[in-house]
Peer 1: 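Dumping the structure here so I can ask a few things about it.
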Amino acid sequence: MASEEALQRFYTVLAAVPAGKVITYGQLAAQAGNPKGGRWAGYLLRHLPANSNLPWHRVVNAQGKVSFPEGSEAALRQIALLEDEGIEFSNSNRINLKRFGAV
DNA sequence: CGCTTGACTAACC
DNA sequence: CGGTTAGCCAAGC
């Protein structure tokens, strides 16, 4: 089914994101075959298998920011992982997608 | 089958 | 730049 193929592409693309780079939900969904599946990407990431080695932390929204409320443990964890990979954050926890964008 | 919800995005004001 | 509206996708009830 196309859905399963899209899902496979989604995981493939996500796994293909190099360390030190980030990708937006929209781009991720677009490369997975759903140019308008931004929400779909978010849904999948949210229901991601716990024992997967997928770099979910390299996925940020179009604003170059974490899609979690600032201060939340999930957001802090993601930011910490990204910084550990060399990603730099601006004064507002924003990432320069022009520099760190995987696309 | 139809409405609501959600880790989204772009356009508009 | 912040708040609102509309569009899209898939899952849950």
Side-chain angles (χ1 to χ4, degrees):
Chain A
M1 296 296 280
S3 309
E4 298 179 8
E5 285 188 12
L7 191 63
Q8 279 296 301
R9 287 193 291 268
F10 181 88
Y11 287 110
T12 302
V13 173
L14 178 56
V17 178
K21 299 261 181 168
V22 295
I23 188 170
T24 67
Y25 295 89
Q27 290 171 8
L28 185 54
Q31 293 193 23
N34 289 313
K36 307 293 166 62
R39 285 187 125 137
W40 175 67
Y43 182 86
L44 292 179
L45 287 171
R46 182 185 169 195
H47 285 271
L48 214 53
N51 44 10
S52 66
N53 60 345
L54 297 172
W56 60 271
H57 53 270
R58 289 181 199 150
V59 185
V60 297
N61 58 26
Q63 300 176 41
K65 294 174 68 174
V66 179
S67 292
F68 295 110
E70 294 185 30
S72 65
E73 296 184 23
L76 294 175
R77 181 162 56 247
Q78 180 171 8
I79 292 170
L81 287 166
L82 291 173
E83 286 185 326
D84 189 51
E85 293 185 347
I87 306 285
E88 296 176 10
F89 287 79
S90 67
N91 47 22
S92 295
N93 289 332
R94 284 196 308 228
I95 302 173
N96 186 338
L97 296 177
K98 288 291 188 179
R99 257 185 43 158
F100 300 105
V103 183

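Bear in mind that the values here come from a model prediction, so they are computed numbers and not experimental data. The chains referred to below are lettered A, B, ... by the order of the sequence lines, with proteins before strands, and numbering in each begins at 1.
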Peer 1: Just jot down the side chain to side chain contact (heavy atoms under 4.5 Å, CB included) partners of A:A30, sequence neighbours excluded, or say none.
Peer 2: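 Expected list: none.
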
Peer 1: With a 4.0 Å heavy-atom cut-off, tell me which residues in residues 81-103 of chain A come close to DNA chain B, sorted by residue number.
Peer 2: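 Going residue by residue through residues 81-103 of chain A, none turns out to have a heavy atom under 4.0 Å of DNA chain B.
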
Peer 1: How would you list, by chain and number, every residue that makes a side chain to side chain contact (heavy atoms under 4.5 Å, CB included) with A:A19, sequence neighbours excluded?
Peer 2: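 Counting only residues at least two positions away or on another chain, A:A19 forms a side chain to side chain contact (heavy atoms under 4.5 Å, CB included) with A:R58, A:E85.
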
Peer 1: Run the side chain to side chain contact (heavy atoms under 4.5 Å, CB included) test against A:L54 and tell me which residues pass, sequence neighbours left out.
Peer 2: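 Scan of A:L54 (side chain to side chain contact (heavy atoms under 4.5 Å, CB included), adjacent residues dropped) gives A:Y11, A:L14, A:A15, A:L48, A:S52.
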
Peer 1: Sorted by first residue and then second, give each ring-ring contact (aromatic ring centres under 6.0 Å, His included) pair with at least one member in residues 57-102 of chain A; sequence neighbours left out.
Peer 2: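 For residues 57-102 of chain A, and leaving out neighbouring residues, there are no ring-ring contact (aromatic ring centres under 6.0 Å, His included) pairs at all.
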
Peer 1: Could you tell me which non-hydrogen atom of A:A102 sits nearest to which non-hydrogen atom of A:P18, and how far apart they are?
Peer 2: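 Closest pair (atom of A:A102, atom of A:P18, distance): CB-CD, 4.2 Å.
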
Peer 1: How long is the line joining NZ of A:K36 and P of C:dA10, in whole Å?
Peer 2: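 Those two atoms, NZ and P, are 13 Å apart.
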
Peer 1: Quick one: does A:Q78's side chain have a donor or acceptor within less than 3.5 Å of a partner on A:V59's backbone?
Peer 2: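 Answer holds: yes.
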
Peer 1: Is any side-chain heavy atom of A:I87 less than 4.5 Å from a side-chain heavy atom of A:I79?
Peer 2: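 No; the side chains remain at least 4.5 Å from each other.
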
Peer 1: Could I get a table of every N or O pair under 3.5 Å where one atom is in the protein and the other is in nucleotides 3-6 of chain B?
Peer 2:
residue	atom	partner	partner atom	Å
B:dG6	N7	A:R39	NH2	3.3

Peer 1: Quick one: A:L44 CG to C:dA11 P, roughly how many Å, whole number?
Peer 2: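 It works out to 8 Å between those atoms.
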
Peer 1: With sequence neighbours excluded, give me every salt bridge (charged side-chain N to carboxylate O under 4.0 Å, His left out) pair touching residues 27-55 of chain A.
Peer 2: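 Salt bridge (charged side-chain N to carboxylate O under 4.0 Å, His left out) check on residues 27-55 of chain A returns no pairs.
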
Peer 1: Quick one: A:F10 CZ to C:dA10 P, roughly how many Å, whole number?
Peer 2: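 In whole Å, C:dA10 P and A:F10 CZ are 13 Å from each other.
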
Peer 1: C:dC9 C1' sits how many Å from A:L45 CG, rounded?
Peer 2: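 Answer to the nearest Å: 14 Å.
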
Peer 1: Please tabulate the protein-to-nucleotide N/O contacts below 3.5 Å involving nucleotides 9-13 of chain B, giving atom names and distances.
Peer 2:
residue	atom	partner	partner atom	Å
B:dT9	OP1	A:A62	N	2.8
B:dT9	OP2	A:A62	N	2.8

Peer 1: Which sits closer to the 5' end of DNA chain C, A:H47 or A:N34, going by the nucleotide each is nearest to?
Peer 2: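 Result: A:N34.
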
Peer 1: Can you pull the ring-ring contact (aromatic ring centres under 6.0 Å, His included) pairs that have at least one residue in residues 21-55 of chain A, sequence neighbours excluded?
Peer 2: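 Output for this query lists A:F10-A:W40, A:Y43-A:H47.
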
Peer 1: Just grab all the side-chain hydrogen bond (donor to acceptor under 3.5 Å, both in side chains) pairs involving residues 93-103 of chain A, residues at least two apart or on different chains.
Peer 2: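 Checked against side-chain hydrogen bond (donor to acceptor under 3.5 Å, both in side chains) - neighbours excluded - the pairs reaching residues 93-103 of chain A are A:E70-A:N93.
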
Peer 1: If I take atom NZ in residue A:K65 and atom C1' in nucleotide C:dG2, what distance separates them, rounded to the nearest angstrom?
Peer 2: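 Value for this atom pair: 12 Å.
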
Peer 1: Among residues at least two apart in sequence or on other chains, which ones pass side chain to side chain contact (heavy atoms under 4.5 Å, CB included) with A:Q27?
Peer 2: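 Only A:I23, A:T24, A:V103 meet the side chain to side chain contact (heavy atoms under 4.5 Å, CB included) criterion with A:Q27.
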
